[in-house]
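Start at 1 with the first residue, then count along the sequence. Note that the structure is a prediction, hence the values are computed from the model and not measured. Counting starts at 1 for both ligands and their atoms, in listed order.
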Amino acid sequence: MFDLIIRRARLSDGSLTDIAIHGGKIAALGEVKGHAVQERDLAGRYWLSAGWIDSHVHCYPKSPIYHDEADKIGVATGVTTVVDAGSTGANDVDDFYQLTRSASTQVYALLNISRTGIVTQNELADMNQIDKVGVRDAIQRLPGFIIGIKARMSSSVVGANGIKPLNCAKEIQHENGDLPLMVHIGNNPPDLDEIADLLSSGDIITHCYNGKPNRILTPAGELRASISRALQRGVRLDIGHGTASFSFEVARVAIAQGILPHTISSDIYCRNRLNGPVYTLAHVMSKFFSVGMTLPQIIDCVTVNAAAGLRLHDKGRLAVGYDADLTIFDVKEETCLFTDSEGVSVTGEKQLMPLVAVVSGQWFITDEGKKHHVFDL
Ligand SMILES: [Zn+2]
């Protein structure tokens, strides 16, 4: 007897499967025989994937500007796992950890290498804020929560320090088991070439399709040689849409050249959730239909690729033994206006509508799901 069987779910490749869950794990796939305490039949009508992972969010509720609540950007919108990207540093990460224990959404953190996190917004302008011992102690205190580190490498954050904080970040990374490092790019200095040349396999560039002069494309629209070399070394590209960091034009040109993102993330916090241009991870994902990506590619970016990049080894796949984190969604074929961070709008033809988030086998109907009464008992 399983805990839950979801029958006739449509996968992103169009095929149908049943999926049985037991003890918070995926227990069987394919045509599942037997019974469960609870059974749901999607009748091939609704889509299902491994639970969506948002690799770049801000959900430390006490952060003065960039704050939000984990469940509002998580299970309420079909996202089963959120990864906070550097809201907190060593000073506040314990408090952040405690506050997120009551959330239904699974929350992880990339620790800001500055002890203040993003509270000051220019957290790397004073090198004294980078406290290597503080970082190491925090990682050792919260090993299942802190899964990597974050360094924001743009002019307003680093002040006169240029590339120096990134050298420190790489040292910290090596001193702490080579855990994932996410680097934010934005206005220069430091120049993107200088940043890219310091990154190695597994490092993540977030805001990869930003439209600022320090973008990944040359003025002629070609991929910068430094980014090409970085990708060959195994550096990963993350969207980190945010308020100011996604350009349809850069995305379209890059994707047309085969430069796809490894992960699609939102960089969501309360203000860009409520007022746009982010709204939800699903909304951000839907924008990628308009720039040449397919449903399977988009889903991979928030499941298998996200889990690989952040080394969440039990997540991101529909396979026996993996965590029973699932997202059930609809693909609405209707026109919708999408706006990027530059104020440019594109009319899309498809929208992803998350209906249910299943977290460790627990069923949460999303805000959209509640509105449409799809899964009412
Ligand atoms: Zn961010």
Smallest separation among heavy atoms of I5 and G34, with atom names: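 What the structure gives for the nearest pair is CD1-O, 3.7 Å.
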Got a salt bridge between D191 and R224, using NZ or NE/NH1/NH2 to carboxylate O under 4.0 Å?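 The answer is yes: the pair qualifies as a salt bridge.
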Students often mix this up, so state it plainly: with edges at 30° and 60°, are the rings of Y209 and F288 parallel, tilted or perpendicular?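 Y209 vs F288 ring planes: tilted.
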Apply the salt bridge (charged side-chain N to carboxylate O under 4.0 Å, His left out) test between D68 and each candidate in R273, R271, K62; give the one that qualifies.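 By the salt bridge (charged side-chain N to carboxylate O under 4.0 Å, His left out) criterion, D68 pairs with just one of R273, R271, K62: R273.
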Is the distance between the Zn ion (ligand 1) and the nearest N/O/S atom of H184 smaller than 2.8 Å? no
H56: which N/O/S atom is nearest the Zn ion (ligand 1)?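 Answer by atom name: NE2.
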With the Zn ion (ligand 1) at the centre, find the angle made by NE2 from H58 and OD1 from D267, to 10°.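 Result: 90°, to 10°.
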